[in-house]
Novice: 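There's a structure below that I have some questions on.
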Amino acid sequence: MENQSQNSGRRLREQSASPSSRRSLKRKLDEEFGDDRVSVGGEDRISVGGEDRVSVGGESPAASQQDLIRDIKAQVEILDAVFSAAEQDRASAKHAIHVLSELAKNEDMVNLIVDCAAVPVLVKHLQAPPPLGREGEGGLSSYEHEVEKGSAFTLGLLAIKPEHQQLIVDAGALPHLVDLLKRHSDVPNSRVVSGVIRRAADAITNLAHENSSIKIRVRIEGGIPPLVEMLEFCDSKVQRAAAGALRTLAFKNDENKNQIVECNALPTLILMLRSEDTAIHYEAVGVIGNLVHSSPNIKKEVLVAGALQPVIGLLRSCCSESQREAALLLGQFAATDSDCKVHIVQRGAVPPLIEMLQSPDAQLREMSAFALGRLAQDPHNQAGIAHSGGIMPLLKLLESKNGSLQHNAAFALYGLADNEDNVADLIRVGGVQKLQDGEFIVQPTRDCVAKTLKRLEEKIHGRVLSHLTYLMRAGERNVQRRVALALAHLCSSDDQRTIFIDNNGLALLLELLESTNSKHQRDSSMALCRLANKANSLSPIDAAPPSPIPQVYLGEQYVNNPTLSDVTFLVEGRRFYAHRICLLASSDAFRAMFDGGYRERDAKDIEIPNIRWDVFELMMRYIYTGSVDVNLEIAQELLRAADQYLLEGLKRLCEYAIAQDISVENVSLMFELSDAFNALSLRHACILYILDNYDKLSVMPWYSQLIPRILPETRSYFVRVMTRPNHAELRR
């Protein structure tokens with residue numbers, strides 16, 4: 001089970017970075033002027049927009065593709081021709097890059113821009129041109145950093161499409177982008193410098209997105225140390241951009257993770273967790289999440305550095321993305337050791353996690369269930385989670401159509417079921433019925449639920465059983481019924497009499513069976529069927545007769561044999577030779593016939609008016625041998641004859657044969673047949689068939705009349721099987 005939880009944690013962290021769930025958000029252009037960052041989960045972080053952003057794409061004037069190509073090529077030619085520090089050239093380059101960046105904001109234009117050879121010239125403008133002589137030094141300062149910022153921004157937009165990532169890197173972009181990151185040390189706290197380093201960080205984010213080779217190249221080019229230093233920049237946008245890049249670089253790359261930690265990023269990241277700026281603490285928790293994922297040593301360092309309490313604090317963030325990441329991270333922390341699980345609970349994580357279980361955000365519910373599932377595997381936490389109200393929302397999540405969400409909830413409930421103090425609470429709110437009735441999407445969830453029910457079953461004894469029987473006597477009616485239903489499935493056979501006879505559990509189940517509520521009827525049928533199976537598995541079975549004792553019978557050779565025959569039966573005009581001594585030993589009916597005051601006592605020939613020859617012959621064969629093969633065609637007539645002549649063993653053989661033919665169509669008639677001939681075994685077989693086939697029978701128009709008819713006999717049957725001695729008692 002713990003391995004399944006670990007796999008779930010891995011899947012959640014990867015889901016947090018999956019292209020299907022994140023790429024569209026990652027690359028979405030920000031709608032707000034002046035705030036050019038959209039934060040999303042996993043490793044995906046992107047800077048878009050700009051201070052001077054204008055609307056492009058869908059709202060631009062209609063233009064033919066050829067006109068666009070000509071415009072793009074014109075800007076590319078300008079950029080190729082004006083790589084100099086002259087003020088006019090810098091102004092032209094800035095304008096050309098602005099035109100390309102506005103076009104690149106429309107993803108449909110990206111391929112056109114790349115096809116027009118824009119990448120090489122944009123990469124060239126990531127670096128400052130050679131300085132002019134002394135007389136021109138003043139011209140460069142007006143556009144210092146602006147052209148490089150625009151180039152980095154545009155290349156970041158082009159890198160939105162994965163197929164262009166390697167092209168941009170092969171054109172030599174990474175060394176220049178890393179150099180731009182280092183400009184933060186040249187003019188600290190400069191607005192212009194903030195812009196260029198932020199654009200460089202964002203470009204690295206997009207280039208490295210889900211591209212392991214580029215992540216490695218960034219590290220080789222020395223990009224990680226300046227990104228870590230940028231975390232301490234005063235500009236919050238720079239902090240966010242740096243954290244976003246580090247988050248991407250850390251995802252599934254152990255070498256990058258180690259270098260980020262070695263550069264002493266953890267103290268600053270943990271401080272960022274406490275930021276009131278939701279974008280900053282969201283980015284920080286994302287970086288830490290990717291650092292600790294599948295890295296137990298880093299996980300320990302993060303905890304030692306003091307991340308636990310601020311992460312718990314993020315569970316109450318107004319940013320749902322931060323809440324999701326915090327819950328996922330706590331689930332990862334909880335896998336470290338038992339002490340960490342306890343500390344997480346002691347520091348107040350459980351109430352907000354339980355609140356998150358009821359969020360409209362499916363991912364928030366899934367990740368909080370994941371965290372609670374990990375926490376619930378520690379015995380010290382189990383009662384606390386239940387006491388804080390965790391059981392009902394977790395049971396509710398079992399109804400989800402999301403397989404991962406279902407599994408996380410099921411795993412959490414598996415943990416809670418390990419604590420005896422939770423068993424009665426789980427049963428009282430109908431947890432057993434929800435576990436039994438759930439439609440679980442994946443096999444691991446079904447396995448987990450089966451183990452949870454088995455775990456509950458193992459705890460139904462001692463004080464747990466005493467508590468449940470008390471609830472069944474003194475609780476509200478709905479609680480009494482839920483307890484009775486659950487105990488029918490979970491209790492030991494040795495406790496059935498105490499629970500269902502002495503404490504009125506049987507009456508509760510029969511009350512539900514008689515209900516007009518189909519769910520109640522179905523639950524009761526299943527419970528009673530389970531009870532009967534348990535009871536019959538440990539008690540003598542009466543479905544088939546005991547083995548005959550051979551020396552009691554005359555044997556096959558004397559059947560219809562005139563040798564030593566002293567009585568003859570006339571059946572359908574034919575003589576059947578018999579022996580009084582054998583008949584006298586077989587049943588009270590024959591003893592009364594021959595020893596009583598009946599006229600047959602002295603008669604030589606006795607007429608049998610109401611039984612066919614083949615039926616009578618089989619009956620006599622049983623009397624002489626103690627056994628007979630009863631086929632279905634003759635079974636009902638033979639049952640009538642056996643009942644008439646009080647041949648209980650033969651009756652049971654007939655009942656057993658008839659019971660094999662019970663069906664939805666004939667069960668009502670079979671029950672009437674059992675009633676007519678007092679065929680107890682057949683009656684019980686009909687009752688069990690009716691209970692075991694509720695779904696098929698309940699749609700029949702006569703079902704509502706059938707239940708009241710069988711109810712008294714059902715009660716008698718269960719009283720009988722639950723009060724008779726079992727094999728162990730018989731041996732004593």
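These values consider heavy atoms only, across backbone and side chains, with no hydrogens, waters or symmetry-generated copies.
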Novice: Given D421, which partner from the list Q382, R463, H467 fulfils the side chain to side chain donor-acceptor pair (under 3.5 Å) test?
Specialist: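 Result: among Q382, R463, H467, R463 is the only option passing the side chain to side chain donor-acceptor pair (under 3.5 Å) with D421.
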
Novice: For residues N419 and P379, determine if any side-chain heavy atom of one lies less than 4.5 Å from a side-chain heavy atom of the other.
Specialist: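 Heavy-atom side-chain distance check fails, nothing below 4.5 Å.
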
Novice: Hey, which of R455, K454, K451 is the one that makes side chain to side chain donor-acceptor pair (under 3.5 Å) with Y414?
Specialist: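 Answer to the side chain to side chain donor-acceptor pair (under 3.5 Å) test with Y414 among R455, K454, K451: R455.
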
Novice: Check the orientation of F251 and H293. Use parallel for under 30°, tilted for 30 to 60°, and perpendicular for over 60°.
Specialist: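 It falls in the parallel class, under 30°.
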
Novice: If you define the side chain from C-beta out and look only at heavy atoms, does anything of L375 sit under 4.5 Å from L353?
Specialist: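 L375 reaches L353 side chain to side chain.
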
Novice: Going by heavy atoms in the side chains, are L509 and L485 under 4.5 Å from each other?
Specialist: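 Yes, at least one pair of side-chain atoms sits under 4.5 Å.
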
Novice: Is Q165 close to N206 at the side-chain level, that is, under 4.5 Å between some pair of heavy atoms?
Specialist: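 They are not in side-chain contact.
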
Novice: Do N258 and E262 have side-chain N/O donor and acceptor atoms under 3.5 Å apart?
Specialist: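 Result is no, nothing qualifies.
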
Novice: Would you mind reporting whether L308 and L330 have side-chain heavy atoms less than 4.5 Å apart?
Specialist: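 A side-chain contact exists here, since the closest heavy-atom pair is under 4.5 Å.
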
Novice: Just so I know, are the side chains of C491 and Q496 near enough to count as touching, which here means a heavy-atom distance under 4.5 Å?
Specialist: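 The answer is yes; the side chains approach within 4.5 Å.
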
Novice: Is the ring centre of F411 less than 6.0 Å from the ring centre of F370?
Specialist: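 Aromatic pair excluded; centres sit 6.0 Å or further apart.
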
Novice: Going by heavy atoms in the side chains, are L231 and L271 under 4.5 Å from each other?
Specialist: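 Of all side-chain heavy-atom pairs linking L271 with L231, none is under 4.5 Å.
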
Novice: Indicate whether any N or O donor in one side chain lies under 3.5 Å from an N or O acceptor in the other, for S213 and N211.
Specialist: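 Side chains of S213 and N211: pair found under 3.5 Å.
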
Novice: Does some side-chain heavy atom of L471 sit less than 4.5 Å from a side-chain heavy atom of R482?
Specialist: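 Of all side-chain heavy-atom pairs linking L471 with R482, none is under 4.5 Å.
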
